[in-house]
Peer 1: 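Sharing a structure here in C-alpha cells format.
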Amino acid sequence: MAILEIAAGCMHFRELNELIKGTDCDVTLSSCFGQRYIAAGLGAKTITITGTPGNALAAYMDGAHVIVHGNVQDAVGDTMNDGRVIVHGNAGDALGYGMRGGAIYVKGRSGYRTGIHMKEYQEKKPVIIVGEKVGSFLGEYMAGGLVAVLGIGMEGEPPVGRFTGTGMHGGKAFIRSDKELTRLPAQVSVEVASKGDLEEIEPHVDEFAKLFGYDKSALLNKNFFVLKPNAKNPYHTLYTPNPR
Amino acid sequence: MGAFDVLPDYEISRNLDRCIVCRVCERQCANQAHEYVPEEDAMASDESKCVNCHRCVSLCPTRALKIVRSSNTYKLNDNWTDKIIKEISIQASTGSVLLSSMGNPEDYPIYFDKITINASQVTNPPIDPLREPMETRVFLGPKPDSVERDSNGKIIPNLPPQVKLSMPMMFSAMSYGSISYNAHESLARAASELGICYNTGEGGLHEDFYKFGPNTIVQVASGRFGVHKQYLNQGAAVEIKMGQGAKPGIGGHLPGKKIVADVSRTRMTPEGSDAISPAPHHDIYSIEDLRQLVFSLKEATDYKKPIIVKIAAVHNVAAIASGIARSGADIIAIDGFRGGTGAAPTRIRDSVGIPIELALAAVDSKLRLEGIRGKVSIIAGGGIRSSTDIVKAIALGADAVYLGTSALLALGCHLCRSCQAGKCNWGIATQEPELVRRLNPSIGAKRLVNLMTAWQHEIEEIMGGMGINSIEALKGNRLMLRGVGLNEKELSVLGIKHAGEGQD
C-alpha cells in the first residue's frame, strides 16, 4: 500500500488533519510539532509519527493504528472506540478517558487520570498498558476494561500515585509491584492477582514485550496486584428518596 | 408505624358510594398503594406508598378517588415547617443525602410573571397572523460579521453550520435510561414532525432512533456514555454538557437498576452497573481545555456540526458564557434553576443556581457589550412554562428555548417528583416494560405536536400584537418588555423598564 509522507512542521492542525483524512493511504508523519486531534474519529489506517503529536490524539478513534516515536500529550485516546495507539515514550494526563475499545501501549510513563471512565460492553473491552508508572487517579470512575501498570524500573516504590481507583465500579486495574499498595479508596478491593487474572493480561503483556523489546516471562514473573470494584453500585447507600 | 416514621404528605380519599371494586387502581399503581381485601370485598389503601401521581385518579371509571393533602400537621411554625421537620426525620433515620426529582419547587420569585409584553396601538398597527405571513423559523449557530462577495459580486457562502428550527423551541436533554424508550420515541417523532430538535441527553442514542438524526441533538457529558463517531455524526448538532440547572456542580448518577439490557447497549456500559457522570469533565479545568473538547468534536464531525455548550445558570454565568463564546463553541445553552431532573440532591436542586430570566439577560447583555453576541446563539431553558415565557425569553435575548418539564407534562407526567424511584406509573421515567407500555408513542408524539403547534400560534398572535412579523425582530428586543413590581436592581439586571415608563 502506498504511503503518504507528510512533514508536519508548523502546519495548522486543521490543514494537517484534512490531509490525513483525505487520503486512503497510510501516513508517515515527521517533525510533528504538537498538532492536535490527529486521527480523531479515524477508521482503518496506519499513521506513524515522529515528533510530538498534540492533545487529543486518537480521540473517538475508530480503528486506526497510530505509532508514535516520541512522547504524546494530554487526552490521548479520549472516548476511543477501536484501533491501537503505540507510544515509544511517555504520555500526558487523561490517557484513554472514557475509552470504549481498542488498545493503548505506552512504553514509559503516563500522567494523572490514566484510564478514567473506561467502559466495556460485551466484546468491546478497552486495554491500556503502561510500562513504567502513572500519576494519581488511575482508573477513576472506571466502569470496565483493563488497565495495567508494569512498574518497569520502579523497584522499591509502587508505580501509581494517590487516589487509585476512586469511584471504580467496573473493570480491572493490574499493578506490577512488590510493594504493598496503601491508601486505596473504599470503592476498590485489592488482592494478589490469581492465575485466572494473570491469564487475562498475559496476551497484552506479551504484545507489550514484543512491541518494546522486553522479555515477557521476566515481566510476568513478578507480583501483580489486581484492583477490582467492591460493588457495581458504590454509592447506593448515599441517597435516600425525598418525594418533595 | 414506628415512632420515627414520617407521616405521608397526602392521603387517598375513596368515595365508597362510587367505588365498584373494579381494582383498576390496584393494577395501575406500581407503588402498590391500593390493595383488594377479599374478606370485605373492598379496596384498601396505604397512603405511605402513594406518590400522588394521579394515575389511579385519572383511570378510576367512577371518579371515586382523589388524593388530598393530609390535614395532619405539626404545630404550625413558619420557620420549622412540616417539610423541614419531615426531612430532618428521614435523614436522622437513614444518614443519607436527600434525593428529589424534577425542578426546584420552592417559593422563589418567578420573573416571567413580573414581566409584561407590549402591544401596538394606533401608531404602529398590529399584524393579523391569520392573514399575514409570520416567521417563526430560527437558525442556531454563529453568524458571519459581514457579507463577502467574490470579484463578480456574487455572495460567498460563509455561513458556518446552523441548526434550523421551524419554531424557536426544542425538547431539552433527557437521557434514555432516565426516561423510557417510548418517551424518547414520542419526543423524536414529534421533533421530526415539527421540524425542531429533541436531545438525547447523555445516555447515547438508541439505534432505532438514528432515523430521526436531523432532528436530534446528541449530547456528550463527562461520562461519555454511548459516544462514538457515528453517534456524533448522526445528529443536527453536538452538545457538550458542562452543567444542568437542577444540579449545578453535581454530576449525573443513573442507578444500576435502571441499566437494563437495552439501556446498557445504548450506553455501552455493563448491565446493572451504575452509570456515573461526575460533575467535572476531568479533562476540562479551563476555557482552553473546553476549547480542546469543542475542537476534537469538530474534527470528529468534519466541522459540519454546530457545537453547543450547556451550562447551569450560576452566579458568574455571564463571564463564563463570554469564555464559552470564545472557546469556539457555536451555541450556548443556559439552564435555569427551575430546570428538571430525574434525580438531584434536594438541597442542591432547591438552593443552587439562579433564575433563567436573570441569567439570560445577563449573558445577552455581556456578549453584546463585548461585541461577540453574533459569534454564538443562546438557548434558554429551565423554567419555561408557556408561549408567553418563550416570547419573554426571546425578547430578553434567547435565540430559542429548551422545554423539558412542559414536554413531559404533555406526555402525561403529573409532576409527582418521584422519578428517582424508577416506578413512573405514566411510563415516562421508568424502565419496567409493563409501565413503559402505558405510554403510547403515537399518542405521546401527537400530544407534543399539539402543544408545540398551539404555542406557535400563540407566539404568532403575541408577535402580531406587537407589530412584529419575525422572531428575529423580537430577539433581544427588550423594549417590548416592562417589569411590574420589580425593584431598580432587578430591572437593571433584566435590562427592562418598569411598566408606565415609555420608550424614551
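Each chain gets a letter, A, B and so on, in the order its sequence line appears, and its residues count up from 1.
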Peer 1: Specify which of B:D302, B:I276, B:T94 makes the most heavy-atom pairs with chain A at under 4.5 Å.
Peer 2: B:I276

Peer 1: Please look at B:E271 and chain A and tell me whether the side chain, the backbone, both or neither of the residue comes under 4.5 angstrom of a heavy atom of that chain.
Peer 2: backbone

Peer 1: Going by residue number, which parts of residues 41-54 of chain A are within reach of chain B, meaning a heavy-atom gap below 4.5 Å?
Peer 2: A:G41

Peer 1: Please classify the contact of B:T346 with chain A as side chain, backbone, both or neither, using a heavy-atom distance under 4.5 Å.
Peer 2: side chain

Peer 1: Any side-chain heavy atom of B:K298 within less than 4.5 Å of one from A:Y37?
Peer 2: no

Peer 1: Which atoms of B:D9 come close to chain A, meaning under 4.5 Å heavy atom to heavy atom: side chain ones, backbone ones, both, or neither?
Peer 2: side chain

Peer 1: Would you mind listing every side-chain hydrogen bond (donor to acceptor under 3.5 Å, both in side chains) that reaches into residues 257-268 of chain B, with sequence neighbours excluded?
Peer 2: B:S175-B:R267, B:Y176-B:D262, B:H206-B:D262, B:E207-B:R265, B:D262-B:R265

Peer 1: Using heavy-atom distances under 4.5 Å, tell me whether B:S296 contacts chain A through its side chain, its backbone, both, or neither.
Peer 2: both

Peer 1: Is there a side-chain contact between A:Y141 and B:H282 (heavy atoms, below 4.5 Å)?
Peer 2: yes

Peer 1: Search all heavy atoms of A:R244 against all heavy atoms of B:V6 and return the closest pair with its distance.
Peer 2: NH2-CG1, 4.0 Å

Peer 1: Which answer fits B:L232, side chain, backbone, both or neither, if we ask what part of it has an atom under 4.5 Å from a heavy atom of chain A?
Peer 2: side chain

Peer 1: Given a strict heavy-atom distance threshold of 4.5 Å, which part of B:E299 is in contact with chain A: side chain, backbone, both, or neither?
Peer 2: both

Peer 1: Side chain, backbone, both or neither: which part of B:V51 has a heavy atom under 4.5 Å from chain A?
Peer 2: neither

Peer 1: Flag this pair as yes if the NZ/CZ of A:R36 is under 6.0 angstrom from the six-membered ring centre of B:F295 and inside a 45 degree cone about the axis; otherwise no.
Peer 2: no

Peer 1: So which part of B:L98 gets closer than 4.5 Å to some heavy atom of chain A, the side chain, the backbone, both or neither?
Peer 2: both

Peer 1: I'd like to know which of A:E140, A:K124, A:M80 tops the heavy-atom pair count under 4.5 Å against chain B.
Peer 2: A:E140

Peer 1: Please test B:R224 against A:D78 for salt bridge (charged side-chain N to carboxylate O under 4.0 Å, His left out), starting from the C-alpha separation and ending with a verdict.
Peer 2: CA-CA 9 Å; B:R224 302 281 201 274; A:D78 181 350; 3.0 Å; yes

Peer 1: A side-chain contact here means heavy atoms from C-beta on lying under 4.5 Å apart; do A:H117 and B:P278 qualify?
Peer 2: yes

Peer 1: Under a 4.5 Å cut-off applied to non-hydrogen side-chain atoms, are B:L99 and A:T240 in contact?
Peer 2: no

